[in-house]
Amino acid sequence: MKIRKAVLPVAGLGTRFLPATKAVPKEMLPVVDKPLIQYAVEEALAAGVSQVILVNSRDKGALEDHFDRAPELEEHLRSRKKYDLLQLVLDTTPEQLSVASTRQINPMGLGHAVWCARDLVGDEPFAVILPDDLVRGDTPVLQQMTQCFETLQCSMVAVEEVPACDTNKYGIIDPAHEQDGLVLAKGLVEKPDPALAPSRLALIGRYILTPGIFDLLGGQSRGAGGEIQLTDAMARLLEKESVYGFRFQGVRYDCGHKAGFQLANLALALERDDLRPQMLPFLKQQLARWS
Ligand code: G1P
């Protein structure tokens with residue numbers, strides 16, 4: 001089976017970025033000139049996904065509007081012959097993309113957010129993308145995973161090693177064995193204390209899940225932080241099916257935190273020929289000043 005649908009949990013309040021996120025959804029914050037959510041949707045498309053399911057909340061309608069046509073803006077740009085800008089706007093609504101949206105009425109955690117998408121996903125394997133985790137690689141990370149899924153046909157989650165002191169910020173995999181970058185899990189724990197963590201391999205916000213996860217999420221009790229955790233339901237899925245950690249190629253920026261968000265802006269701006277010439281001399285100057 002192929003992955004056709006991707007669930008994007010976007011109901012969070014984004015309090016780490018206040019006051020910027022008072023009236024603007026966190027996922028609309030731009031990395032260089034594109035909102036975080038668009039990176040996630042483009043990654044889904046590159047991986048062959050055609051339906052994106054936003055699990056949204058009230059007052060975040062801008063996320064849906066971003067993937068709708070904007071006739072007045074388009075006409076304005078067309079009449080002024082600003083065709084490059086017009087193309088950027090049209091690129092947000094590619095023909096092969098359909099965007100559905102549902103609401104997480106109560107913020108009860110990531111597992112609950114994914115469960116809210118159950119009717120829109122139906123009985124097929126699907127992807128989950130957490131837009132906060134921005135990953136840059138030669139091949140987009142979800143595409144790396146869907147390619148692997150075509151032969152493996154099992155649930156998997158992107159993993160990367162984190163410092164031992166940071167295990168309490170992530171889901172952590174308990175590895176049984178590893179071959180060619182695929183880590184067979186024998187357990188999964190959400191945000192374990194460093195002293196209790198089974199490894200330093202952290203779950204990153206890209207998942208491919210079999211639909212059996214929905215029943216487990218439906219009956220899942222609250223875990224770390226008093227929330228319904230996707231990690232806990234995946235740990236129970238392990239009793240029935242194999243679940244793998246997928247070591248991806250690429251660099252991950254944690255755009256859920258200020259430092260990671262700034263690093264992403266810096267790195268992606270430096271990738272750009274139109275921005276690098278202005279940035280490099282400035283950065284050198286700043287390095288001399290601060291180091
Ligand atoms: C969520 C997941 C966690 C995962 C992390 C990746 O945590 O619950 O297992 O490691 O995303 O970004 P959150 O960052 O929402 O606290």
Side-chain angles (χ1 to χ4, degrees), residues 6-17 21 25-27 29 31 36-37 39-40 43 54-57 104 106-117 127-136 141-142 145 155-175 183 185 187-194 196-209 213 216-217 220-238 243-248 250-261 263-264:
V7 175
L8 274 58
V10 292
L13 291 174
T15 50
R16 287 197 191 104
F17 286 88
T21 46
K26 173 183 66 172
E27 299 79 4
L29 297 181
V31 173
L36 264 177
I37 186 82
Y39 289 94
E43 188 179 324
L54 301 176
V55 181
N56 210 347
S57 60
Q104 184 183 21
N106 297 308
M108 288 162 66
L110 176 60
H112 178 253
V114 171
W115 181 75
C116 289
V128 176
I129 298 180
L130 307 186
D132 276 0
D133 282 330
L134 182 60
V135 186
R136 300 297 276 179
V141 59
L142 190 66
M145 292 170 73
S155 292
M156 63 180 94
V157 52
V159 292
E160 79 175 359
E161 249 156 70
V162 295
C165 57
D166 283 346
T167 58
N168 55 3
K169 297 182 184 145
Y170 298 94
I172 299 287
I173 198 166
D174 186 359
V183 183
L188 294 148
V189 199
E190 182 67 11
K191 303 197 171 85
D193 192 84
L196 303 172
S199 77
R200 294 196 291 121
L201 268 187
L203 315 190
I204 300 309
R206 301 292 184 279
Y207 306 76
I208 291 180
L209 297 166
I213 197 75
L216 297 169
L217 284 170
Q220 185 62 50
S221 45
R222 290 171 189 260
E227 297 189 335
I228 296 176
Q229 297 291 354
L230 181 58
T231 307
D232 294 345
M234 288 171 70
R236 286 166 57 224
L237 188 65
L238 266 181
V243 175
Y244 288 88
F246 180 92
R247 282 194 197 254
F248 58 94
V251 181
R252 168 199 170 239
Y253 299 95
D254 176 6
C255 292
H257 288 85
K258 283 173 199 164
F261 182 74
L263 293 178

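The chain is numbered in sequence order, starting from 1. Just so you know, ligand 1 is whichever comes first in the structure, and atom 1 is the first atom listed for that ligand.
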*Return yes if some donor-acceptor pair links the side-chain N/O of Thr21 with the main-chain N/O of Gly14 below 3.5 Å, else return no.*
yes
*Can you tell me if Asn106 uses its side chain to pair, donor with acceptor, with the backbone of Met108 under 3.5 Å?*
no
*Could you tell me whether some N/O pair between Leu110 and ligand 1 is separated by less than 3.5 angstrom?*
no
*What atoms of ligand 1 come within less than 4.0 Å of a heavy atom belonging to Thr231?*
9 (O)
*So is Asp133 in contact with ligand 1, going by heavy-atom distances below 4.0 Å?*
yes
*Can you tell me if Lys169 has a non-hydrogen atom under 4.0 Å from ligand 1?*
no
_Would you say atom 7 (O) of ligand 1 makes contact with the protein, given that contact here means a non-hydrogen protein atom less than 4.0 Å away?_
yes
*Side-chain donor-acceptor pair present, Arg236, Gln220, cut-off under 3.5 Å*: yes
_Below 3.5 Å, N or O to N or O, backbone or side chain included: is there any such pair between Arg252 and ligand 1?_
no
*Where the side chain of Arg200 meets the backbone of Asp166, is there a donor-acceptor pair that is under 3.5 Å apart?*
no
_For Leu130, the ligand 1 atoms whose distance to one of its heavy atoms is below 4.0 Å_ = 11 (O)
*Nearest protein heavy atom to atom 5 (C) of ligand 1, by residue and atom, and its distance?*
Leu203 O, 4.0 Å
*asked:* Is a donor from one side chain sitting under 3.5 angstrom from an acceptor on the other, for His112 and Glu227?
replied: no
*Which protein heavy atom lies closest to atom 2 (C) of ligand 1, and at what distance to 0.1 Å?*
Glu190 OE2, 3.6 Å
_Glu160 side chain vs Arg247 backbone, donor-acceptor pair below 3.5 Å_ = no
*Judged by atom type as modelled, is there a donor-acceptor pair below 3.5 Å linking the side chain of Gln104 to the main-chain atoms of Gly109?*
yes
*Provide, to 0.1 Å, the distance between atom 13 (P) of ligand 1 and the closest protein heavy atom, together with that atom's residue and name.*
Lys191 NZ, 3.7 Å
*Is a salt bridge present between Asp132 and Lys26, judged by a nitrogen-to-oxygen distance below 4.0 Å?*
yes
*Check ligand 1 against Gln229 and write out every atom of the ligand that is under 4.0 Å from a heavy-atom position of the residue.*
8 (O)
